[in-house]
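A quick write-up on the structure given underneath.
In this text the structure is predicted, and so the values were computed from the model without any measurement.
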Amino acid sequence: MIAVFVNCAAVFAGSVLGLVFSRFISEKITGIIKNGAGTVVLVLGISMSLNPVNIVFLALAVIAGGLVGSLIDIEGNILKFGEWAGSRFEKKSPETNSGQTDGNSSGTPESGVMVKAEKGKNFGLAFLNASVLFCVGAMAIVGSVDAGIKGDYTVIYTKSVLDFFMAIVFASIFGGGTLLSVFSILIYQGILTLVASLISPFVTEEIINALSATGGVLLVMIGLGLLSLKDLKTANFLPSLVFIVIFIIAKSYISPFFPV
């Protein structure tokens, strides 16, 4: 578990630095960082999605996952939690407390002032995007399995370095919600590490590749959002990670009857 704590510490430190130095970053620089981060995440997602995987299973998993996630409204619930957390962890400006927007009736940022609803939304979106980015990648899965089964922390330590810099970028753009993703990492990677020895018979190379490809699709969605090309409810597609594993495991049972 020590590697998981290192990863959490890296994201926490990066988030703090991003929050501290964000005040010195102009809107132009922020736009450059956001576009750069979006492009990198998009490229990373495309690269991961090209892992060898049955494309039919991938399509079914993403669509089925999206339908189930939308029915239970995963993203909506996460954003509600983000709004709740934001109302407690983010300082309210005088304009926010009074319900005024300094003459900006649309509720958009004006001279650094943002209304409560918008701040809560940003906090939730930061938590949402950072959690998905830090948790769905192949490195999170492979690193947790290696740490749990072999006691090899190399992959998670490498991931921690990358997450540190990405946390700086995310926190500087979206704000304090990035800090909250530490708990997602702790729970997600912690559980994977602890149960790795139990699920080791099922964690084949095919499953790792399938999870990586599916995670890549989710990262593409995040990248499109960062680049303001398409606003997708990425969290609603998280169940696709479960569906792809189910399909891969079921493959051995249905292949004698249907070639897949």
Side-chain angles (χ1 to χ4, degrees), residues 1-15 48 51 61-62 64-66 68-69 72-75 77-82 84-85 124 126-164 166-167 170 177-219 222 234-250:
M1 285 290 292
I2 186 172
V4 178
F5 292 131
V6 169
N7 198 174
C8 291
V11 171
F12 181 85
S15 299
M48 287 173 55
N51 273 271
V62 171
V68 171
I72 61 179
D73 194 18
I74 294 177
E75 175 145 326
N77 289 322
I78 291 177
L79 287 176
K80 287 178 182 178
F81 175 73
W84 173 84
F127 167 63
L128 169 65
N129 287 335
S131 295
V132 174
L133 179 65
F134 296 143
C135 293
V136 303
M139 294 184 75
I141 300 168
V142 176
S144 299
V145 171
D146 281 352
I149 297 177
K150 300 186 296 183
D152 185 354
Y153 303 146
T154 304
V155 175
I156 288 188
Y157 285 156
T158 303
K159 176 180 179 293
S160 298
V161 174
L162 299 177
D163 287 353
F164 170 75
M166 287 306 300
F170 263 64
T178 307
L179 277 169
L180 205 61
S181 66
V182 168
F183 295 102
S184 299
I185 298 171
L186 180 62
I187 295 172
Y188 178 76
Q189 290 185 185
I191 290 177
L192 279 180
T193 301
L194 290 174
V195 304
S197 58
L198 299 177
I199 66 173
S200 58
F202 305 102
V203 184
T204 63
E205 183 178 357
E206 185 177 18
I207 290 178
I208 292 294
N209 287 333
L211 284 170
S212 179
T214 308
V217 173
L218 300 183
L219 289 184
I222 292 178
T234 308
N236 285 345
F237 289 87
L238 286 174
S240 60
L241 294 168
V242 177
F243 278 104
I244 194 66
V245 173
I246 293 175
F247 292 153
I248 295 299
I249 294 176

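Under the rule for a side-chain hydrogen bond (donor to acceptor under 3.5 Å, both in side chains), the partners of T154 that lie at least two apart in sequence or sit in another chain are D152. Under the side-chain contact (heavy atoms from CB on, under 4.5 Å) criterion, F164 pairs with A10, A13, L17, I168, sequence neighbours left out. Take A210 and apply the side-chain contact (heavy atoms from CB on, under 4.5 Å) test, not counting sequence neighbours, and it matches V53, I244, I248. Judged as a ring pair (Phe, Tyr, Trp, His ring centres under 6.0 Å), and not counting sequence neighbours, the contacts of Y153 are Y157. Taking T193 as the reference, nothing meets the side-chain hydrogen bond (donor to acceptor under 3.5 Å, both in side chains) condition, with sequence neighbours excluded. Residues satisfying the side-chain contact (heavy atoms from CB on, under 4.5 Å) criterion with A64, sequence neighbours excluded, are F243.
Of all non-hydrogen atoms in L186 and F5, the two that sit nearest each other are CD1-CE2, 3.5 Å. The nearest pair of heavy atoms linking G215 to M48 is C-CE, 3.9 Å. In this structure, T178 and A167 approach most closely via the heavy-atom pair CG2-O, 4.1 Å.
We find the CD1-CD1 distance between I2 and I156 to be 11.0 Å, quoted to the nearest 0.5 Å. Rounded to the nearest 0.5 Å, atoms OH (Y188) and OG (S131) are 11.5 Å apart. Remark: F134 CZ to M166 CE distance equals 6.5 Å, nearest 0.5 Å. Distance CD1/I207 to CD1/I249: 5.0 Å, rounded to 0.5 Å. To the nearest 0.5 angstrom, L241 atom CG is 10.5 Å from S212 atom OG. In this structure, CG on N236 lies 9.0 Å from CG on N77, to the nearest 0.5 angstrom.
Side-chain atoms of V217 and S240, non-hydrogen and from C-beta on, never get closer than 4.5 Å to each other. Within the 4.5 Å cutoff, the side chain of S15 has no heavy atoms near those of the V182 side chain.
With hydrogens and angles disregarded, no donor-acceptor distance shorter than 3.5 Å links the side chain of Q189 to the backbone of A140.
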Let me see the working for D163 and N7 under side chain to side chain contact (heavy atoms under 4.5 Å, CB included), right down to the final yes or no. CA-CA 8 Å; D163 287 353; N7 198 174; 3.1 Å; yes

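Tested against S144 for a side-chain contact (heavy atoms from CB on, under 4.5 Å), the candidates L192, L194, I191 yield a single pass: L192.
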